[in-house]
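In what follows, a structure is listed as structure tokens, so that the remarks can point back to it.
Here the structure is a predicted model, which means the values were calculated and not measured. Each ligand, and each atom within it, is numbered from 1 in the order the structure gives. Position 1 is the first residue of the sequence, and the numbers go up from there.
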Amino acid sequence: MNDLQHVTPDILWVGGSDRRLARFENLFPLENGVTYNCFLIQDEKTTLMDTADSGVTRQFFENLEIALQGRGLDYLVISHMEPDHCANIEEVCRRWPGVKLIGNAKTFQLLRQFYSLDLEGRTLEVQEGTEVPLGKHTLRFMMAPMVHWPEVMFTYETTENILFSADAFGTFGGFSGNLFSDETDYEDLYMAETRRYYTNIVGKFGPQVLAAMKKLQGVTPRMICPLHGPVLRGDTVPLVMDKYHQWAAYKPEKAGVVLAYGSMYGNTEAVVHKLAGMLAARGVQDIRIYDTSKTHYSWIIADIFKYSDLVLASPTYNMHLYTPMETLLQDMIDLNIHGRDVGIIANGSWAPAALAIMQKKVEQEMKHMNLLVPPMLIRSAMKPDQQEELEQMADALADSVKAKAKEC
Ligand code: FEO
């Protein structure tokens, strides 16, 4: 059964929501699924904006066949060649053999790598600023390399002022039934997942995201159609664009402290809880505590982007770091997270390697990270004579948060 919806009288959503998928990219847990958005523009030329993941193939084709109303398909625009969007290109070409594939040079290079399609006479290669008229509508292409892959491009529809933004401005989460962001409480329903999606999927590429957004300065889209999540409309357009400017610049949204710890038997955890209580006593309101063994690192990464300050606490394990903490720190390095004020707490019973390893990762392998106080070393369990040292860390963190409260 089709579940297509109208974006405008001439533009239809023909994608699908997958609530069964456990992990996006087989990596990131999905609590409420994900949508794969595709749009059909009905004009003199019928134009499909992207295909969808193999998990929603049936829904996608049921929607597309109904939306076409028996007409053929003239163009398929390929904004992004990641398989969550390109998985049905071969089948589209099989059903509509006359379709022309619109992409850039890198699009077609990746298309040849993923599939064995005969592209001879089937492609329309576009570059920055190329315009393709469809009848009433005209598509203008803007290259957006590394938002999230090198071939990514935005498409601006100039008649109705609609931006097709590929992965940018998208979110995890299946549709609630409402296609448009301003039909829901977007901040309540989607913003945390918008942040987790951006920070984990695209977060490494902040400078490239800012470069792509600079190209949008001359346009004021009435709507943004991302490849995942609701169509953005109304106040949500500037809201999400502002968030992207902050995230892409690695600027914290709020003054507050994330405390991420690993703990085998509760001794490191106890120090973190004690520190959190000290912060609360000093008036810090936004304190987020995460056990790295329990909470998937993607949620912790999202809050590290969100908040200004960070405490990392880990025992020594196999002469290295506790594995979930190692994963978190390596992901922070890979995502280029920088510009945070940090406290470090390390534990070790006989050869406490964790302190030097965490300090090196934070100070040398990440950029512009500031250790507020020297790292604190716990030998098995914190003792009363270390109370003062922990108080000093709490003082430094609380002062740091208060100083930023006016900026964030
Ligand atoms: Fe939704 Fe980068 O794929």
Considering only N, O or S atoms, which atom of [X] is nearest to atom 1 (Fe) of ligand 1?
X      : answer
His228 : NE2
His85  : NE2
Asp167 : OD1

Near atom 2 (Fe) of ligand 1, is there an N/O/S atom from His80 that is less than 2.8 Å away?
yes
Distance check below 2.8 Å: does Asp84 bring an N, O or S atom to atom 2 (Fe) of ligand 1?
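Asp84 does not place any N, O or S atom closer than 2.8 Å to atom 2 (Fe) of ligand 1.
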Are Arg282 and Asp395 within salt-bridge range, i.e. N to O under 4.0 Å?
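Here Arg282 pairs with Asp395 in a salt bridge, since their nearest N and O are under 4.0 Å apart.
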Closest approach of Ala144 to Ala212 (non-hydrogen atoms, all atoms of both residues)
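Nearest pair, atom of Ala144 first, then Ala212: CB-CB, 4.0 Å.
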Can you give me the OE1-atom 2 (Fe) of ligand 1-ND1 angle for Glu82 and His148, to 10°?
80°
Establish, yes or no, whether the cationic atom of Arg196 lies under 6.0 Å from the six-membered ring centre of Phe28 and within 45° of the ring axis.
no
For Phe180, is the NZ or CZ atom of Arg233 found under 6.0 angstrom from the centre of its six-membered ring and inside 45 degrees of the ring axis?
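Geometry flag: set, cation within 6.0 Å and 45°.
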Determine whether Asp167 and Tyr198 satisfy the following criterion, side chain to side chain donor-acceptor pair (under 3.5 Å), listing intermediate values before the conclusion.
CA-CA 9 Å; Asp167 275 341; Tyr198 172 83; over 6 Å; no
